[in-house]
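One structure is given below, encoded as structure tokens.
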Amino acid sequence: MMDYDVIVIGAGPGGMTAAMYAARANLKVAMLDRGVYGGQMNNTDDIENYPGYQSIKGPKLGERMYETATNAGVEFVYGDVQEVTIDEQQTKHIRTDSDDFTTKVVIIATGSTNRKLGVLGEEKYSGKGISYCAVCDGAFFKNKDVTVVGGGDSAISEGLYLANITKNVNVVHRRDELRAQKVLQNRAFANDKMAFTWHAGVTEIMGDDQHVTGVRMLDNQTGEEKVINTSGVFIYVGNVPNSQMFKKLNITDEAGWIMTDTEMATSIPGIYAVGDVRQKKLRQITTAVGDGGIAGQNAFEYIERLNYEATIKQ
């Protein structure tokens, strides 16, 4: 059993910032993650909307945040969290796949994962032409035709990345206009290697049992169905929260997003949530970092109150 003042679950930008703030307050802090630090930044090629950098690679920004956190005294621990429970003294107990921890404060920063289309062929061809990360898999499709599904920042940003590698990129979107930032839209529309299919949804991903060969689409205005040839399908249709392990705490909404106030506090004293797992409108690196700073400082103030109350009782 390992004991800490603060345990941050998740090592994305929000988690690393929260851990750094708490550690700088001279608290004993651990940051648990089941994977590599950096979160979804590791799947992002160029980041151009983070203050201080005109452009920076996602993994590089993650590396710099990690160095800042660990230099402040944060201990990074690999672990897949299974459950969080609370005893009568309000001590939080965290059970992972390999160890158990106790802590006064928990900061949840588990982020979200890519939403699946849920169509025929998606499961069968996952990893065989279907991807949710252009930076990870784009090189496999050099000089080939690929399809991007979605119309937000991720879809268009990754589509632009793919345009530098592939032969052509066809963006399939269910609406008649994109939701991505205007600067990304302008670049995409000006790129000769990018085409757009509007008012369409993918209903099936087709293949030869080994690789993706095409997609079947349905026009949601005319009802017309058509099949286009493609070697790869990159899917960006939103996210779902990584909050299943906190379900018993009753701190999520019906969709699984963790509910907090503006101080990042949940309904349970000493449990905070930051970043993409939190119920909020804008999910960006900058907002995750802001959440993390607030939660890290509030963790310190919460522990100060606990220490004061313990002194009064003596």
Side-chain angles (χ1 to χ4, degrees), residues 1-43 59 62-63 65-113 240-252 256 258 260 264-278 288 291-292 295-300 302-303 306-307 310:
M1 184 75 70
M2 288 171 275
D3 184 55
Y4 292 88
D5 294 316
V6 178
I7 290 181
V8 180
I9 305 175
M16 288 191 285
T17 303
M20 182 266 289
Y21 265 72
R24 285 174 59 87
N26 203 32
L27 299 175
K28 185 180 180 183
V29 182
M31 185 164 58
L32 296 177
D33 202 294
R34 62 187 179 185
V36 179
Y37 59 83
Q40 292 196 32
M41 289 190 294
N42 292 322
N43 301 330
E63 182 181 329
M65 289 185 180
Y66 177 78
E67 289 174 351
T68 302
T70 53
N71 286 341
V74 176
E75 180 182 349
F76 181 77
V77 181
Y78 287 102
D80 189 358
V81 173
Q82 307 295 308
E83 186 180 34
V84 177
T85 56
I86 307 167
D87 64 24
E88 294 179 356
Q89 287 73 43
Q90 292 301 302
T91 299
K92 285 73 178 175
H93 298 261
I94 299 176
R95 179 173 59 85
T96 74
D97 55 343
S98 57
D99 293 296
D100 293 327
F101 302 84
T102 60
T103 182
K104 300 180 180 70
V105 172
V106 171
I107 300 176
I108 300 170
T110 46
S112 60
T113 54
V240 293
N242 296 323
S243 61
Q244 302 87 344
M245 64 288 281
F246 311 116
K247 187 174 181 180
K248 292 181 180 179
L249 296 176
N250 295 318
I251 56 176
T252 67
I258 295 180
T260 72
M264 308 304 129
T266 69
S267 58
I268 300 175
I271 296 185
Y272 302 85
V274 303
D276 286 7
V277 74
R278 192 168 74 87
D291 290 354
Q297 177 63 24
N298 284 333
F300 165 72
Y302 173 82
I303 291 174
L306 289 182
N307 292 339

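Note that these values count all heavy atoms, side chains included, but never hydrogens, waters or copies made by symmetry.
Looking only at distances, a side-chain donor or acceptor of Asp97 sits under 3.5 Å from a matching main-chain atom of Asp80.
Atom-to-atom distance recorded for Met41:CE and Tyr66:OH is 13.0 Å, nearest 0.5 angstrom. Lys247 NZ to Thr252 OG1: the interatomic distance, rounded to the nearest 0.5 Å, is 8.0 Å. Here the CD1-CZ distance, from Ile251 to Phe246, works out to 7.0 Å after rounding to the nearest 0.5 Å. Note: Lys92 NZ to Asp87 CG = 8.5 Å, rounded to the nearest 0.5 Å. With rounding to the nearest 0.5 Å, the separation of CD in Glu75 from CE in Met2 is 7.5 Å. Between atom CD1 of residue Ile268 and atom CD1 of residue Ile86 there is a gap of 4.0 Å, rounded to the nearest 0.5 Å.
Among pairs with a residue in residues 18-33, none fulfils salt bridge (Lys or Arg N to Asp or Glu O under 4.0 Å), at least two apart in sequence or across chains. Sorted by first then second residue, the ring-ring contact (aromatic ring centres under 6.0 Å, His included) pairs that include residues 10-36, not counting sequence neighbours, number zero.
What you find for Met65 and Met16 is that their closest heavy atoms are CB-CE, 3.6 Å. Of all the heavy atoms in Ala23 and Gly73, the pair that sits closest is CB-C, 4.4 Å. For the pair Gly10 and Met31, the tightest heavy-atom approach, listed with the atom from each and the gap, is O-CG, 3.7 Å. Across all non-hydrogen atoms, the minimal contact from His93 to Thr91 is CD2-O, 3.4 Å. Here the shortest heavy-atom pairing between Gly292 and Thr17 reads C-CG2, 4.0 Å. Annotation for Pro13 and Gly38: closest pair CD-O, 4.0 Å, computed over non-hydrogen atoms.
Around CZ of Arg34, the count of heavy atoms belonging to other residues, nucleotides or ligands within 6.0 Å does not exceed 12.
Thr96 places none of its side-chain heavy atoms less than 4.5 Å from the side chain of Val77. Contact check for Gln40 versus Ser112: side-chain heavy atoms found under the 4.5 Å cut-off.
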Output a table of donor-acceptor pairs, distance under 3.5 Å, between side-chain atoms of residues 269-277 and any protein atom two or more places apart or on a different chain; print 'none' if there are none.
{"residue": "Tyr272", "atom": "OH", "partner": "Asn298", "partner atom": "O", "Å": "3.4"}

Please tabulate, one pair per line, all N/O donor-acceptor pairs under 3.5 Å involving side-chain atoms of residues 102-111, not counting sequence neighbours.
{"residue": "Thr102", "atom": "OG1", "partner": "Asp3", "partner atom": "OD1", "Å": "2.6"}
{"residue": "Thr103", "atom": "OG1", "partner": "Tyr4", "partner atom": "O", "Å": "3.3"}
{"residue": "Thr103", "atom": "OG1", "partner": "Asp5", "partner atom": "O", "Å": "3.0"}
{"residue": "Thr103", "atom": "OG1", "partner": "Val6", "partner atom": "N", "Å": "3.4"}
{"residue": "Thr103", "atom": "OG1", "partner": "Ile7", "partner atom": "N", "Å": "3.4"}
{"residue": "Thr103", "atom": "OG1", "partner": "Val105", "partner atom": "N", "Å": "3.3"}
{"residue": "Thr103", "atom": "OG1", "partner": "Val105", "partner atom": "O", "Å": "2.9"}
{"residue": "Lys104", "atom": "NZ", "partner": "Asp5", "partner atom": "OD1", "Å": "3.0"}
{"residue": "Thr110", "atom": "OG1", "partner": "Asn242", "partner atom": "O", "Å": "2.7"}

Test side chain to side chain contact (heavy atoms under 4.5 Å, CB included) on Val84 and Ile9 and set out the steps. CA-CA 10 Å; Val84 177; Ile9 305 175; 4.1 Å; yes

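Listed by chain and residue number, Phe76 satisfy the ring pair (Phe, Tyr, Trp, His ring centres under 6.0 Å) test with Tyr78 (two or more places apart in sequence, or in another chain). In this view, Phe101 satisfies the ring pair (Phe, Tyr, Trp, His ring centres under 6.0 Å) rule with no residue, not counting sequence neighbours.
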